[in-house]
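The model shown is predicted, which means the values in this text are computed figures rather than measured ones. The first residue in the sequence is number 1, and the count goes up from there.
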Amino acid sequence: MPALSFAGVLWKGDFETGNTSQWTRQQAVANSRLQVVTDVVRDGRYALKATVKQGDNPINASGNRNELLYLTHETQGKEYYYKWSTLFPSNYPVHDSWQVITQWHQESCCGSPPLEFFVRGDKINLRVGGNTTPVLWQTSIDKGNWHDFVLHVKWSSDKKVGFVELWHNGEHVLPKTYGANQFGKELNYLKMGLYRDNVIKPEGTIFHDGFTMGTTLEDVMPPAPAPVEEPTPTPTPVPDDTNIPAEDPTAETPVAETPVTNTPQLPTTQLPGVGGQTPTPTPVSNNPNGLPDSSDAMAGGCSASGTSGTLPFAGALLMLGAVALRRRRAPARALAPRAKR
């Protein structure tokens with residue numbers, strides 16, 4: 001048996017050696033029933049896979065089993081802390097009869113152990129003092145998820161001295177509860193694996209990992225996860241007025257251009273060409289008398305189109321018409337009788 005120290009971690013059975021050499025011996029029908037594996041692990045690189053089939057009875061005793069043993073030799077008045085993890089796979093057989101997963105057994109060969117974790121149905125149970133005592137704590141087997149146990153025990157056959165205390169998945173689920181956890185002067189030793197009633201037919205498999213024995217809670221209790229610091233948000237930059245260029249007071253504000261619309265044009269009349277040249281079109285006047293407006297006459301007079309002869313000819317016609325009109329009115333005034341005075 002490896003020597004136990006007097007303080008701190010006393011022993012590890014966490015399978016990190018890659019085999020079962022940390023343990024004292026095994027009770028198994030074959031090495032394949034107690035395998036150290038790497039595919040289902042809680043801590044480190046290795047864990048134990050314990051398998052039991054109906055009929056597995058390596059020590060010719062009651063029930064079927066495949067278990068590891070470690071001779072811890074707990075004695076009267078000793079106080080220790082134990083830590084380990086257990087997982088029930090999704091195909092674990094649920095049965096109404098008992099299935100022991102971890103126990104501290106007395107030195108004698110027979111009878112229920114003074115401290116045991118066992119499964120009945122789909123519940124894990126903790127019991128102290130043998131099968132005639134009540135269950136102290138219970139929880140679901142929760143298939144597919146690891147159970148982390150931390151057990152504090154003071155060993156004694158005196159029910160007023162011995163006690164147990166339990167943490168499960170980091171929660172303090174059972175405060176110190178007093179009771180006899182040893183039978184007389186018999187020493188206890190640890191057994192871990194799977195031990196069950198032989199009436200259970202389906203093959204059963206269970207995983208164990210990380211077993212540690214220490215003298216203080218700090219030796220075995222996993223440290224609390226460090227708080228995750230939220231990242232400090234990056235401040236939004238404030239615009240610096242000094243970097244904004246000043247407006248140039250001489251700068252001109254651009255003026256939007258007014259779109260040019262297509263204004264409908266008035267119809268024009270053509271005068272007969274003079275001297276083989278095409279006359280400049282004259283806009284139709286809005287004057288009801290048919291005479292050109294004064295503004296139209298001014299516009300025509302200032303034309304720089306280079307057309308000659310057309311405007312003098314039109315002016316001559318107008319002058320002849322005016323002379324003829326005067327001659328017609330003159331005789332009328334001569335013939336009119338004078339008014340009587």
Side-chain angles (χ1 to χ4, degrees), residues 23 26-30 33-34 48-70 72 74 82 84-149 151 153 155 162 164 166 168-169 173-174 177 179-183 186 188-209 211:
W23 296 73
Q26 66 181 31
Q27 295 175 343
V29 297
R33 298 291 201 270
L34 296 173
L48 176 70
K49 177 183 179 182
T51 302
V52 173
K53 298 180 180 181
Q54 190 177 35
D56 288 351
N57 188 2
I59 61 173
N60 296 318
S62 61
N64 298 150
R65 76 183 77 209
N66 289 295
E67 295 178 292
L68 288 174
L69 284 75
Y70 186 72
T72 46
E74 285 88 356
Y82 308 90
W84 74 99
S85 299
T86 298
L87 180 140
F88 299 86
S90 59
N91 62 348
Y92 188 83
V94 174
H95 199 279
D96 290 337
S97 192
W98 54 268
Q99 303 186 68
V100 178
I101 59 175
T102 301
Q103 60 175 314
W104 278 260
H105 202 281
Q106 69 276 20
E107 289 180 314
S108 58
C109 68
C110 305
S112 296
L115 195 157
E116 62 179 328
F117 286 81
F118 69 95
V119 173
R120 188 180 291 275
D122 63 349
K123 301 294 183 182
I124 305 173
N125 304 269
L126 168 60
R127 183 166 58 195
V128 174
N131 58 8
T132 61
T133 58
V135 169
L136 300 181
W137 172 81
Q138 186 181 78
T139 191
S140 169
I141 63 174
D142 193 16
K143 292 182 181 182
N145 293 303
W146 283 98
H147 296 267
D148 298 326
F149 299 102
L151 179 67
V153 184
W155 298 101
V164 294
L166 180 66
H168 176 252
N169 292 343
V173 295
L174 181 67
T177 303
N181 47 40
Q182 281 187 304
F183 295 156
E186 292 187 73
N188 294 338
Y189 62 94
L190 173 66
K191 301 185 74 174
M192 176 174 280
L194 182 58
Y195 168 43
R196 69 187 194 181
D197 193 341
N198 57 15
V199 301
I200 303 174
K201 295 181 180 181
E203 177 180 320
T205 296
I206 194 171
F207 295 87
H208 297 291
D209 196 7
F211 198 97

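Between the Q182 side chain and the E74 main chain, a donor and an acceptor come within less than 3.5 Å of each other. Using a distance-only test at 3.5 Å, with no hydrogens or angles considered, no donor-acceptor pair links the side chain of D56 to the main chain of A28. At distances below 3.5 Å, not a single donor-acceptor pair connects side-chain atoms of D142 with backbone N or O atoms of W146. D148 places no side-chain N or O within donor-acceptor distance of the main-chain N or O of S85, the cut-off being under 3.5 Å. In this structure, T133 contributes its side chain and V128 its backbone to a donor-acceptor pair below 3.5 Å.
Scanning both residues, P114 and N181, for their nearest heavy atoms gives CB-O, 3.3 Å. In terms of heavy atoms, A50 sits closest to L194 at CB-N, 4.3 Å.
The closest side-chain heavy-atom distance from P93 to R196 is below 4.5 Å. T205 places a side-chain heavy atom less than 4.5 Å from the side chain of K49. When side chains are defined from C-beta on, P58 counts as touching R65, because their heavy atoms get closer than 4.5 Å. Inter-residue side-chain proximity for N66 and T51 is flagged as unmet; no heavy-atom pair is nearer than 4.5 Å. With contacts defined as side-chain heavy-atom distances shorter than 4.5 Å, the pair P89/K143 does not qualify.
Taking the six-membered ring where the residue is Trp, W98 and Y195 present perpendicular rings, their angle passing 60° and hence far from 30°. Ring geometry for W155 against Y82 counts as perpendicular: the plane angle is over 60°, on a 0 to 90° scale with 30° as the lower cut. Relative ring orientation between F88 and Y92 is described as perpendicular, the plane-to-plane angle rising above 60° on a 0-90° scale split at 30° and 60°.
Distance check: T72 OG1 to K191 NZ gives 12.5 Å after rounding to the nearest 0.5 Å. Summarising the geometry, atom NE2 belonging to H95 is positioned 9.0 Å from atom NZ belonging to K201; distances are rounded to the nearest 0.5 Å. Atom-to-atom distance recorded for L48:CG and H208:NE2 is 6.5 Å, nearest 0.5 angstrom. Interatomic distance, CD of Q106 versus CG of N188, reported as 7.0 Å (0.5 Å rounding). The CD atom of Q54 lies 9.0 Å from the CD1 atom of I200; values are rounded to the nearest 0.5 Å. From E203, atom CD reaches atom CG of N91 across 8.0 Å, with rounding to the nearest 0.5 Å.
For the pairing with L151, the side-chain contact (heavy atoms from CB on, under 4.5 Å) check across T102, L174, L115 returns one residue only, L115. Looking at H105, Q26, Q103 one by one, the single match for side-chain hydrogen bond (donor to acceptor under 3.5 Å, both in side chains) with E67 turns out to be Q103.
Take Q138 and apply the side-chain hydrogen bond (donor to acceptor under 3.5 Å, both in side chains) test, not counting sequence neighbours, and it matches N125.
Residues F149 and F117 bring their aromatic ring centres within 6.0 Å.
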Let me see the working for V94 and I141 under side chain to side chain contact (heavy atoms under 4.5 Å, CB included), right down to the final yes or no.
CA-CA 10 Å; V94 174; I141 63 174; 4.2 Å; yes
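Legend: salt bridge (Lys or Arg N to Asp or Glu O under 4.0 Å) pairs involving residues 102-127, not counting sequence neighbours, sorted by first then second residue: E116-R127. Residues in residues 118-142 take part in these ring-ring contact (aromatic ring centres under 6.0 Å, His included) pairs, two or more places apart or across chains: W137-H168.
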